[in-house]
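We number each residue from 1, following the sequence as shown.
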Amino acid sequence: MEVLYNSTRSQEQAVKASEAILKGLSEDGGLFVPDHIPALDISFGALADMSYQETAYEVMKLFLTDFSEDELKDCIDRAYDAKFDTEGIAPLREADGAFYLELFHGPTIAFKDMALSILPHLLITSARKNHIKNEIVILTATSGDTGKAALAGFAGVEGTRIIVFYPKNGVSPIQEKQMVTQKGENTLVVGIHGNFDDAQTGVKRIFSDKALAEEMEKKGYQFSSANSINIGRLVPQICYYVYAYARLLKAGKIAEGERINAVVPTGNFGNILAAFYAKNMGLPIGRLICASNENKVLYDFFRTGVYDRNREFVLTSSPSMDILISSNLERLIYRIAGNDSNENKELMDALNGRGRYEITEAMKKQLSEFYGGYADEKETSEAISKMYGDCGYVIDPHTAVASAVYRKYEQQTGDHTKTVIVSTASPFKFTRSVMEAIDPKYEGMDDFALADELCRIACIKEPKAIEELRTAPVIHDRQCQVGEMKNVVREFLGL
């Protein structure tokens, strides 16, 4: 059955998957959502014998229904290849009573590679299917990981340009160096003087600028997005939850049909929304445990039903979660509002205007499968130290937030259901936070010396991404104020 995509903010005509991917964001400012969530049409037993690529096809074919089998398999094969350092693509590691789903084995050593390795291919295929002659301009805001993963995916891709905005003092040194050393004449990286929410709001404002869109059309350009607002980012993320369940079944860790819980370190909400979609496809997931850092706007939302971004923005050791406006939450709000675009739009207008909204009691009742928790900086550091001390397993700060929240959940609920914890980044991406949590003696060492020491104590090989950074020259040194973002875009495109 064909899946079409609606906007969360209007009753505009539904579009096909390829059109939704091309647009990125609906013209009314809404996000594209499937008109129904399809059910898995293959047994878990059959999935247990499949590779990651085969599993991805079984999931994605149900959502991207206007892609032919050959088109979709070609996109998948180009995405999940030797650029990942493990044949399994997304391996599970059992540690301290939980299963850690390692999503950081791609070229930029963060989970964003799982979707951004395939998005360029989905986008180019979509453009070809819709007879688009314009050059596609990817406009992206990043809190650290999306930027590099998007740059790596789109660099040198014919018919595209990519512009990435990041908070100048809001990412780790490794994250920043990964971005500013990116090669490719079609790439531009800009540090803004503001936080991630400022960057994301600025990008959305540029997307909705109709005069700019008309000017670009005359010059042969059109915007699309690599952020998780693009449905082409969200659909590939569903795949690794299905794959994780199949791996557990294959390993004899669970019985077919047995429920598992999922813990996801979450800022922009896309990663845990993908788990929610997987659950609604029929994957036996019990609780969806949303783990926040000190920017705990989502924790407060699940506890009270009030989403309020009017609070201090905290810079933490888990910068990819330093977010107060969780864009993908809108897709969940739309669903629990009964797919009512008018009600959803009123709530989003309230968020844009007053910085807060409150959902109804009826909507709150539909969130019972979610559990919100948070970990402060001390708890995050302690989780890294404990995991290394007890198991010799080294985790990054984002994964540590999830680990700490999971322990709190167990203690508070007594629920010991087998659990998958999503590990979103390599510890090599945050060597300073990781190593100083393990032992204060590492304070003061430079990032690459810390990487060497991490290799030694964890008995693991340094990722290729870190090796290459040691001698990579800085290519992008552009900075701007938030209000100058549009001018930067116009200048890069020669408008």
Side-chain angles (χ1 to χ4, degrees), residues 18 21 47-61 63-64 67-93 101-129 136 138 145-160 162 178 181-184 186-187 226 228 230 232-244 246-247 250 271 274 422-426 428-429 460-469 472:
S18 61
I21 290 169
L47 285 166
D49 292 323
M50 290 186 175
S51 66
Y52 189 87
Q53 293 85 344
E54 291 168 333
T55 304
Y57 175 73
E58 292 299 328
V59 173
M60 293 175 66
K61 72 176 185 181
F63 285 93
L64 309 183
F67 282 67
S68 71
E69 179 176 347
D70 286 345
E71 286 172 335
L72 188 51
K73 285 185 173 178
D74 180 64
C75 290
I76 290 168
D77 290 343
R78 289 173 182 270
Y80 306 113
D81 58 10
K83 71 173 74 69
F84 286 80
D85 66 15
T86 174
E87 188 177 340
I89 308 296
L92 280 167
R93 172 76 177 264
L101 178 60
E102 295 184 345
L103 301 180
F104 52 76
H105 289 276
T108 76
I109 56 177
F111 85 101
K112 304 295 174 72
D113 289 326
M114 301 300 297
L116 284 166
S117 290
I118 193 169
L119 181 61
H121 305 294
L122 294 176
L123 193 59
I124 294 302
T125 302
S126 295
R128 188 165 58 242
K129 291 172 72 66
I136 306 295
I138 304 299
D145 289 335
T146 287
K148 175 58 182 179
L151 288 161
F154 283 94
V157 174
E158 189 176 348
T160 71
I162 178 166
Q178 281 188 307
T181 58
Q182 177 65 51
K183 298 176 182 177
N186 66 330
T187 68
S228 55
N230 193 317
R233 272 276 304 275
L234 185 61
V235 169
Q237 290 182 276
I238 302 168
C239 303
Y240 48 72
Y241 291 102
V242 177
Y243 182 72
R247 292 298 91 194
K250 176 79 169 178
N271 204 355
V422 177
S423 185
T424 54
S426 166
F428 283 95
K429 205 153 190 171
I460 50 179
K461 184 181 177 182
E462 181 175 83
K464 184 180 178 183
I466 300 299
E467 287 179 23
E468 292 173 346
L469 277 186

Value for CZ (Phe63) from CG (Leu234), rounded to nearest 0.5 Å, stands at 8.0 Å

Any side-chain to backbone donor/acceptor pair from Lys112 onto Ala149? Under 3.5 Å, distance only. no

Just verifying a value: how many Å separate Gln178 CD and Lys429 NZ, rounded to the nearest 0.5 Å? 4.0 Å

Just by distance, do the side chain of Asn186 and the backbone of Phe154 share a donor-acceptor pair under 3.5 Å? yes

Under 6.0 Å from the CD atom of Glu87, do we count more than 12 heavy atoms belonging to anything else shown? no

The criterion is salt bridge (Lys or Arg N to Asp or Glu O under 4.0 Å); which residues satisfy it with Arg93, sequence neighbours excluded? none

Determine whether a donor-acceptor pair (N or O, by modelled atom type, separation under 3.5 Å) exists between the side chain of Arg233 and the backbone of Ala226. yes

Across all chains, not counting sequence neighbours, the side chain to side chain donor-acceptor pair (under 3.5 Å) partners of Tyr80 are none

Do Ile162 and Leu151 come within less than 4.5 Å of each other through their side chains, counting heavy atoms only? yes

Determine whether Leu122 and Met60 make a side-chain contact, defined as any pair of heavy atoms from C-beta on separated by less than 4.5 Å. yes

Check step by step if side chain to side chain donor-acceptor pair (under 3.5 Å) holds for Tyr57 and Asp77. CA-CA 10 Å; Tyr57 175 73; Asp77 290 343; over 6 Å; no

Hey, does Phe67 have a side-chain heavy atom less than 4.5 Å from the side chain of Ile21? yes

Euclidean distance, Lys148 NZ relative to Leu469 CG, rounded to 0.5 Å: 7.0 Å

Evaluate the side-chain proximity of Tyr52 to Met114: yes if any heavy-atom separation is below 4.5 Å, no if none is. yes

First locate atom CD1 of Ile109, then atom CZ of Phe84, and finally report the distance between them rounded to the nearest 0.5 Å. 12.5 Å

Nearest heavy atoms of Thr55 and Cys239, plus distance in Å: CG2-O, 4.2 Å

Distance col, row Asp145:CG vs Ser426:OG, nearest 0.5 angstrom, shows 10.5 Å

Identify the two heavy atoms, one from Ser117 and one from Ala79, that lie closest to each other, and give their separation to 0.1 Å. O-CB, 3.4 Å

Taking Lys73's backbone N and O only, do any of them form a donor-acceptor pair with Lys61's side chain (distance below 3.5 Å, no angle check)? no

Could you pull out the closest heavy-atom pair between Gly88 and Tyr243, with the gap in Å? O-OH, 3.2 Å

Any side-chain heavy atom of Val157 within less than 4.5 Å of one from Leu123? no

Can you name the nearest heavy-atom pair linking Ile76 to Ala56, along with the distance? CD1-C, 3.9 Å

In terms of heavy-atom contacts, Met50 and Arg247 come closest through O-NH2, 3.2 Å

Rounded to the nearest 0.5 Å, how far apart are CD1 of Ile118 and CD of Gln53? 10.0 Å

Give the minimum heavy-atom separation between His121 and Thr125, together with the two atoms involved. O-OG1, 2.7 Å

Starting from the C-alpha separation in whole Å, work towards a yes-or-no answer on salt bridge (Lys or Arg N to Asp or Glu O under 4.0 Å) for Glu71 and Lys129. CA-CA 10 Å; Glu71 286 172 335; Lys129 291 172 72 66; 3.0 Å; yes

Considering only heavy atoms from C-beta outward, does the side chain of Asp49 approach that of Lys250 to under 4.5 Å? yes

Side-chain contact test, heavy atoms from C-beta onward, threshold under 4.5 Å: evaluate it for Leu101 versus Leu103 and give yes or no. yes

